[in-house]
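Working notes, structure below.
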Amino acid sequence: MLKKTYDFKEVEKKWQRFWEKEGVFKFDPKSSKPIFSIDTPPPTISGKMHLGHAFSYSHFDFVARYQRMKGKNVLCPFGTDDNGLATIRLVEKLNGVKGTEMSREAFTKLVLRTLEEIRPKYIKDWKSIGMSCDFSIYYTTINEHCQRISQWSFIDLYKKGRIYRKRTPFLWCPECQTSIAQVELKDEEKESKFVYMRFDTSIGEPIVIATTRPELLPACVMVHVHPDDKRYRKFIGAKAKLPFFDREVDIIANRDVNPNFGSGAVYHCTFGDMDDVEWMFKYGVKPIEILNKDGTLNENAGKYKGMTVRQARKAIIEDLKKEGRIVKIEPIKHAVHVHERCGAEIEILMTEQWFIKYLDIKDKLIEAGKKMKWFPPHMRARYDNWIEGLKWDWNISRQRKFGIPVPVWFCKKCGEPILPDEDDLPVDPTKDKPKKPCPKCGSRTFRPDPDVLDTWATSSLTPQIVAEMFRDQGLYNKIFPMSLRPQAHDIITFWLFNTVVKSQLHFGKNPWKDIMISGWALDPKGRKMSKSLGNIIEPQTIIKKYGADALRFWAASPKLGEDMPYQEKDIITGKKFVTKLWNASKFTTRHLKGYNHVKPEKLTEIDKWMLTKLNDLVRLATDAFEKYEFFKVKVETEKFFWHVFCDNYLEIIKPRLYNREKYAKYEILSAKYTLYTSLLTTLKLMAPITPHITEEIYQSYFRKKEGYKSIHISPWPEYDTSVVDRKAERAGDIAVDIIARVRKFKSENHMSLAQPIRRLVIASEEVRPVLQAMKDTLKADEIKIGKAKGFETELFKIQIYIEK
RNA sequence: GGGCCGGUAGUCUAGUGGUUAUGACGCUGCCCUUACGAGGCAGAGGUCCCCGGUUCAAACCCGGGCCGGCCCACCA
């Protein structure tokens with residue numbers, strides 16, 4: 001017996017505990033069922049789960065639950081990505097410390113301890129939305145297992161000649177004091193000053209140079225003008241004298257210069273931006289390094305030594321003014337590269353870093369992208385677009401206190417890099433020592449590489465991280481390549497791309513077969529949620545108020561890949577659906593008490609109509625799920641359930657249920673069979689989307705009869721051709737059309753629906769098989785087929801006559 | 001500037017080359033029908049962004065705009 005009202009608070013918790021205790025979602029390594037492996041995105045532990053998480057994680061949970069019901073051995077692990085900057089920042093904040101001021105060992109200890117404390121609470125958020133992950137297949141990207149794989153990856157790529165170390169100008173964050181990668185850059189519009197300054201030249205006439213970075217003057221190595229620029233032709237080949245510095249630089253012709261921008265003359269400093277680096281290589285000039293790692297100027301900056309970039313900018317402008325070298329200063333707004341994690345303006349510094357070489361295989365990577373199935377397909381364009389725009393190899397070393405160590409020592413004598421044996425992984429070069437002497441010079445003294453690997457260097461290995469857990473059971477090749485990578489569209493260029501790179505470089509294979517890309521949860525006005533806008537909506541608040549099923553129901557609304565503005569009313573719709581499902585189930589199961597589910601020999605026409613509709617829905621929902629189009633499953637099942645099953649079918653069979661004595665035995669059995677099948681099927685179709693309510697109803701009534709421990713491991717409905725009857729379907733459709741018209745008539749005449757009508761004449765032969773059902777449903781004293789005039793139905797344009 | 005996506009009722013959204021364009025929320029009226037009032041039934045509400053073209057037929061296909069979003073490149 002179902003209770004009068006549905007208490008989601010109690011029920012959702014109950015089944016979440018049940019699923020966990022009973023291991024309903026456990027991956028079974030011994031099973032012979034086909035494996036469906038999901039490369040679950042490991043969220044960064046950052047305090048709380050946000051709505052975007054709830055949104056996109058729900059999406060692939062729908063898929064996981066569907067595949068499980070389809071009989072697959074679903075491998076849906078859960079990991080957390082906690083070796084990156086976001087984690088460092090959080091730990092610093094929670095403990096009131098600065099990583100840069102602590103020893104690597106002490107800080108690492110603190111991070112790990114803090115993570116242990118906050119992790120369970122964080123993971124709880126994921127459980128509370130009903131994620132059907134196997135939480136026992138857990139990894140954190142900083143644990144030993146991941147360290148081993150990440151360092152193995154480094155060594156393997158090193159051996160393959162794909163990793164190199166180079167001292168080169170590269171992107172540097174002075175705030176975090178580490179190098180970063182191209183993908184970590186973000187553009188920000190900032191107010192700045194465009195300074196026009198006058199340099200003396202060797203031809204006597206001064207040249208005016210415009211720059212936003214006057215503080216880089218000490219690092220000026222050349223002046224560039226466009227060869228066709230008449231104003232400057234005469235300067236080409238001459239030399240410019242730098243103010244305050246006793247140095248002259250060449251003025252050269254360069255077609256990259258835009259004569260219409262600024263003064264048309266550019267001074268080339270090492271390094272203002274990545275173009276300067278390109279020019280440096282192109283023209284073979286020696287860089288002048290003036291920046292320290294903390295963003296202050298060094299001795300090469302002369303009297304500006306020790307100043308920060310901002311201080312130096314101000315001071316140099318003042319000095320130029322004093323010498324009368326400022327022509328004008330224009331305020332401008334321009335895009336500045338900032339570090340996407342901390343927002344600090346990035347600089348370019350000469351440092352030694354490790355790189356993964358991949359610019360040479362761009363074509364191969366684009367080809368690899370074509371070999372995976374993208375859902376929705378157009379998301380592949382972003383992947384291609386990113387690869388086409390790549391300019392630099394992948395910098396994977398970071399100068400941070402916390403992370404997976406770069407597994408390298410350098411020989412103190414000859415400088416040779418020494419890598420550990422794979423069997424010894426993971427290693428921390430700052431603590432461990434190489435086991436053998438330097439193979440090149442035989443020395444036994446080494447210098448550890450103090451750097452760590454970029455977090456993406458590890459998270460790009462999630463398929464290996466998961467598959468390796470099952471290598472001992474011989475399942476590696478069944479899990480990898482994985483069936484599905486689900487993720488949101490914002491990290492196609494990070495996580496997705498990097499994972500493909502690793503998989504291709506290591507194995508020459510793609511990491512997955514399918515890719516499912518989710519959109520974003522936006523605020524009610526369609527804006528991104530952010531702290532600064534103060535428009536953050538927390539999933540936990542929604543769950544408390546409306547329940548996880550309502551939230552998931554909402555998450556299933558958009559087309560795959562589309563963003564979804566959060567509107568409370570949509571959650572309420574989900575809540576209403578849950579209530580409706582509860583009430584209809586209450587009614588249905590009450591009338592199925594003691595019912596023994598067997599298919600009767602004969603079905604009534606109207607029941608055939610119902611079952612035909614039901615089977616069409618099963619087919620549609622199955623096709624949709626195979627294409628990851630869960631929104632179609634939701635929309636169509638909801639429509640069917642509400643309007644076909646509740647509004648019409650239940651009303652149609654009420655007479656049979658309430659006045660059994662008036663009907664033949666088969667008619668009652670037929671009704672019960674149809675009721676049972678329709679409700680159970682509806683529950684199953686909705687189970688992936690609203691897992692709690694469906695489980696509650698299943699457990700309360702169906703479990704004893706069906707036998708499966710949980711609806712979520714019961715079989716997905718099959719299309720049953722034996723009950724599909726197109727003629728009955730048409731008769732039923734027309735009947736429903738007529739019923740609607742009669743209801744309208746009653747509504748227009750202020751009649752209660754329960755109030756009988758005297759006579760109904762229908763001008764359609766096709767409804768003859770369902771005539772009795774209509775008579776009972778409409779409470780008509782008399783019903784017949786014949787010539788009729790009066791009203792016309794909406795859909796089929798059937799003429800009918802109604803007498804009050 | 002390049003790429004991709006989108007522009008449908010007050011709001012959010014579905015949609016296929018072909019009757020009267022989907023559903024939800026909101027709104028209006030009726031019904032208090034033994035599952036459900038967080039309900040039921042019914043109703044009002046739309047030049048399907050604009051301009052051209054293809055077609056017997058276009059919200060849908062093509063071209064050109066305009067607007068919004070995301071990703072990328074942005075200039076010293």
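All chains are named by letter (A, B, ...) in the order of the sequence lines, taking the proteins before the strands, and each is independently numbered beginning at 1.
For B:C60 and B:G15, the P atoms lie 15 Å apart once the distance is rounded to whole Å. Spacing of P atoms, B:C41 relative to B:U19, comes out at 27 Å, to the nearest Å. B:C31 and B:C36 are spaced 15 Å apart, taking the C1' atom of each and rounding to whole Å. With P as the reference atom, B:C30 and B:G23 are 24 Å apart, rounded to whole Å. Rounded to whole Å, the separation between the P atoms of B:C48 and B:G7 comes to 13 Å. Across B:G26 and B:U11, the matching P atoms stand 16 Å from one another, rounded to whole Å. With both ends at atom C1', the span from B:C25 to B:G39 equals 16 Å, rounded to whole Å. Separation of the P atoms belonging to B:G18 and B:G1 is 36 Å when rounded to the nearest angstrom.
We find that CH2 of A:W582 is positioned 14 Å from P of B:C36, with the value rounded to whole Å. Atom pair A:D384:CG and B:C72:P shows a separation of 15 Å (rounding to whole Å applied). Atom P of nucleotide B:C71 and atom CD1 of A:I387 are separated by 18 Å, given to the nearest angstrom. Rounded to an integer number of Å, the gap from CD1 of A:I693 to P of B:C36 is 15 Å. Atom P of nucleotide B:C25 and atom CH2 of A:W554 are separated by 18 Å, given to the nearest angstrom. As rounded to whole Å, 17 Å separates atom P of B:G69 from atom CG of A:D490. A:N385 has its CG atom 13 Å from the C1' atom of B:G1, to the nearest Å. B:G29 atom C1' lies 7 Å from atom NE2 of A:H750, rounded to whole Å.
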| task | Produce a footprint string for nucleotides 38-45 of chain B: one letter per nucleotide, 5' end first; B if the base is under 4.0 Å from any protein heavy atom, S if only the sugar-phosphate is, - if neither. | result | BSSBSS--
| remark: Once base and sugar-phosphate atoms are separated, protein heavy atoms under 4.0 Å mark nucleotides 5-14 of chain B, 5' to 3', with B, S and - as S-----BSSS
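Scored by the salt bridge (charged side-chain N to carboxylate O under 4.0 Å, His left out) test, A:D570 finds no partners at all (sequence neighbours excluded). For the salt bridge (charged side-chain N to carboxylate O under 4.0 Å, His left out) test, residues two or more places apart in sequence or in another chain that qualify with A:K391 are A:E278. With sequence neighbours left out, the salt bridge (charged side-chain N to carboxylate O under 4.0 Å, His left out) criterion links A:D490 to no other residue. Taking A:K662 as the reference, A:N659 meet the side-chain contact (heavy atoms from CB on, under 4.5 Å) condition, with sequence neighbours excluded. For A:D228, the side chain to side chain donor-acceptor pair (under 3.5 Å) test picks out A:R255, with sequence neighbours left out. In this view, A:D563 and A:H489 satisfy the side chain to side chain donor-acceptor pair (under 3.5 Å) rule, not counting sequence neighbours. Under the ring-ring contact (aromatic ring centres under 6.0 Å, His included) criterion, A:F194 pairs with A:Y196, A:F261, not counting sequence neighbours.
B:G52 and B:C62 make up a base pair, with Watson-Crick or G-U wobble contacts both under 3.5 Å. Both distances falling under 3.5 Å, in either a Watson-Crick or a G-U wobble arrangement, place B:G1 opposite B:C72. B:A38 makes up no base pair with any nucleotide shown, lacking Watson-Crick or G-U wobble contacts both under 3.5 Å. As the counterpart of B:G43, B:C27 is assigned, both hydrogen-bonding distances of the Watson-Crick or G-U wobble pattern falling under 3.5 Å. For B:G17, there is no paired nucleotide, since no Watson-Crick or G-U wobble pair has both relevant distances below 3.5 Å.
Using a 4.0 Å heavy-atom distance criterion, A:K634 is classed as making no nucleic acid contact. Within the nucleic acid shown, A:H268 has no heavy atom closer than 4.0 Å to any nucleic acid atom. A:D275 comes within contact range of no nucleotide atom at all, as no heavy-atom separation falls under 4.0 Å.
Ion pairing of A:K328 with A:E330 is present here, as a side-chain N (NZ or NE/NH1/NH2) and a carboxylate O approach within less than 4.0 Å. Ionic pairing of A:D7 and A:K9 is not present here: no N-O contact between side-chain nitrogen and carboxylate oxygen is shorter than 4.0 angstrom. Residues A:E766 and A:R730 are paired through a salt bridge, judged by an N-O separation under 4.0 Å between the basic side chain and the carboxylate.
A:K654 forms a cation-pi arrangement with A:F587, by the criterion of a distance under 6.0 Å to the ring centre and an angle within 45° of the ring axis.
Of the candidates B:C74, B:C71, B:U22, the closest approach to any side-chain atom of A:K639 belongs to B:U22. Checked against B:G3, B:C72, B:C70, the side chain of A:W386 finds its nearest nucleotide in B:C72.
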